[in-house]
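Report on the structure given below.
Each chain gets a letter, A, B and so on, in the order its sequence line appears, and its residues count up from 1.
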Amino acid sequence: MLFTTLQCEEGCKDGDICECASGNECYLGCEDGGCDQYCHNMQRCGGVCEDGCSFRCHSMNECSAACGDRCDMQCSSVNSCAARCDESCRYRCSDADRCGVEVGPGSEVRCDNVSSCEVECNGPCRVTCIGTGRCDVRCAGGEQRVSCVEGFACGTC
Amino acid sequence: MALAKLAGLLAGLVTLSALSGTAHAQSTIKNPGDRFPYSVELEPHVVLGPFDPPGPGPGADGGYGLGLRASFELVRDGFIHKLNDSVALGVGLDVLEYDGDARGQCEEFEPGLNGTRICTEVSGSGNSVYYLLPVVMQWNFWLSPRWSVFGEPGLLLRHAHGDLGVSPFVLYAGGRLHFSDSVALTLRIGYPTFSLGVSFLF
């Protein structure tokens, strides 16, 4: 702890696990996509990646993820969770004060035990809200959202 | 690559140990002041960064570079009056290039939904050059005419990614193999760097 406030186990390249922990602020990049990014026990952290990445963060104030297609992201026990991704993403936000997520077509978002969850879908998507105070789902182009069991969808449930 | 260089450095240490020869027979550690008088030590060196670089930055594939340390003798008879010790102020500059591309600082935030913000660009991809400026207290122990050792607690100023930062605690330990009164081979290990250089005592 005296020596460094940040830890990163490996460089972040395709297939590697890259981790930020136990510091104030750290942001993770990824060379070509396909990275496994992990942030925890910090003040602020985030990941920027291309396609096919996974991203997890927990136990912090602010966490964000920006990703391309086919990303799998989780944010838990965080005050503010934010994410933006393209097609076929999965995002789970749990035990958070607020979540703001923009996803592309074919994506799934789940908010569990969140005070306020706001989602914008740029194409067909599915949003599940459980134990969530405010679940606001907007669809691209002014399309009306549809109500589903435990949530909403753009397109069909 | 850095690990290979580190292995070479350690091999150098072993070689130095083998060269110690009759050092034990010529011990000066209990003779305060029994050494070549000097006021400044200049030590150019090669430097390795086997650890994560201090502060936010890229991942730790290792760093390497060049540096210079200048140590100014402040106290000729050090903290232990019965020993041949001395205290100097050491300042240095090490320039290292670290391989790696993982961590960095957020270069650009964009507003997200629900009052959030999203980092969309991270610095630190590719290799990064670090400028490290240690400021240390060098506590020397003059063991024999051939050998001296030292410890160096202090702090470190660093410049990387366009930012200046401070690491409040760094620690080094090292030894010198004296070829003559004024020239020595100096090995230093510690955090965040290791170094091997030649000391010139003036």
Side-chain angles (χ1 to χ4, degrees), chain A residues 1-13 16-20 23-32 35 37 39 44-49 62-67 75 78-85 93 96-102 114-120 134 136 138, chain B residues 1-2 49-63 98-128 130 132 153-156 158 160-161 163 165-172 190-193:
Chain A
M1 283 291 291
L2 285 172
F3 290 159
T4 182
T5 56
L6 298 170
Q7 300 168 358
C8 192
E9 299 301 328
E10 297 286 346
C12 207
K13 297 173 183 171
D16 283 344
I17 298 174
C18 191
E19 179 178 355
C20 284
N24 237 0
E25 183 172 295
C26 180
Y27 288 88
L28 298 165
C30 177
E31 200 168 59
D32 298 314
C35 292
Q37 299 172 322
C39 295
R44 291 173 296 280
C45 192
V48 177
C49 197
E62 183 181 307
C63 176
S64 80
C67 198
C75 180
V78 173
N79 285 345
S80 171
C81 294
R84 178 179 294 161
C85 66
C93 183
D97 183 50
R98 64 180 189 273
C99 296
V101 189
E102 300 170 54
V114 176
S115 300
S116 173
C117 179
E118 196 172 318
V119 182
E120 187 171 291
R134 172 175 163 262
D136 184 7
R138 292 195 297 272
Chain B
M1 178 182 290
F51 306 106
D52 265 9
D61 291 344
Y98 280 87
D99 297 329
D101 61 346
R103 308 178 316 204
Q105 295 176 323
C106 186
E107 294 285 301
E108 185 173 353
F109 284 102
E110 295 182 11
L113 296 176
N114 209 7
T116 62
R117 62 176 187 167
I118 302 171
C119 175
T120 58
E121 188 176 333
V122 177
S123 67
S125 293
N127 296 346
S128 297
Y130 275 68
L132 306 179
L155 57 82
L156 182 80
R158 62 175 189 271
H161 306 297
D163 291 323
V166 178
S167 296
F169 182 74
V170 293
L171 180 64
Y172 303 92
Y191 175 82
T193 57

For the candidates [options], which exhibits the highest count of non-hydrogen atom pairs separated by less than 4.5 Å from chain B?
options                        : result
A/R138, A/E102, A/E120, A/R134 : A/E102
A/A83, A/A66, A/S64            : A/S64
A/A65, A/C63, A/S116, A/G47    : A/S116

Practice item. Under 4.5 Å heavy-atom distance to chain B, tell me which part of A/C67 shows up: side chain, backbone, both or neither. Key: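 Neither; nothing under 4.5 Å.
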Practice item. Examine whether an atom of A/C99 lies under 4.5 Å from a heavy atom of chain B, and if so say whether it belongs to the side chain, the backbone or both; otherwise answer neither. Key: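 Backbone only.
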Measure the spacing between [atom1] of [X] and [atom2] of [Y] and express it to the nearest 0.5 Å.
X      : Y      : atom1 : atom2 : answer
B/L113 : A/C117 : CG    : SG    : 9.5 Å
A/R98  : B/T116 : CZ    : OG1   : 7.0 Å
B/I118 : A/C85  : CD1   : SG    : 9.5 Å
B/N114 : A/S80  : CG    : OG    : 8.0 Å

**Study point:** Closest heavy-atom pair and its distance - A/E62, B/F109
**Key:**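 That closest heavy-atom pairing would be OE2-CE2, 4.3 Å.
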Review point. Mind checking whether A/V48 and B/C119 have side chains closer than 4.5 Å, heavy atoms only?
Key: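 Yes, close enough: below the 4.5 Å cut-off.
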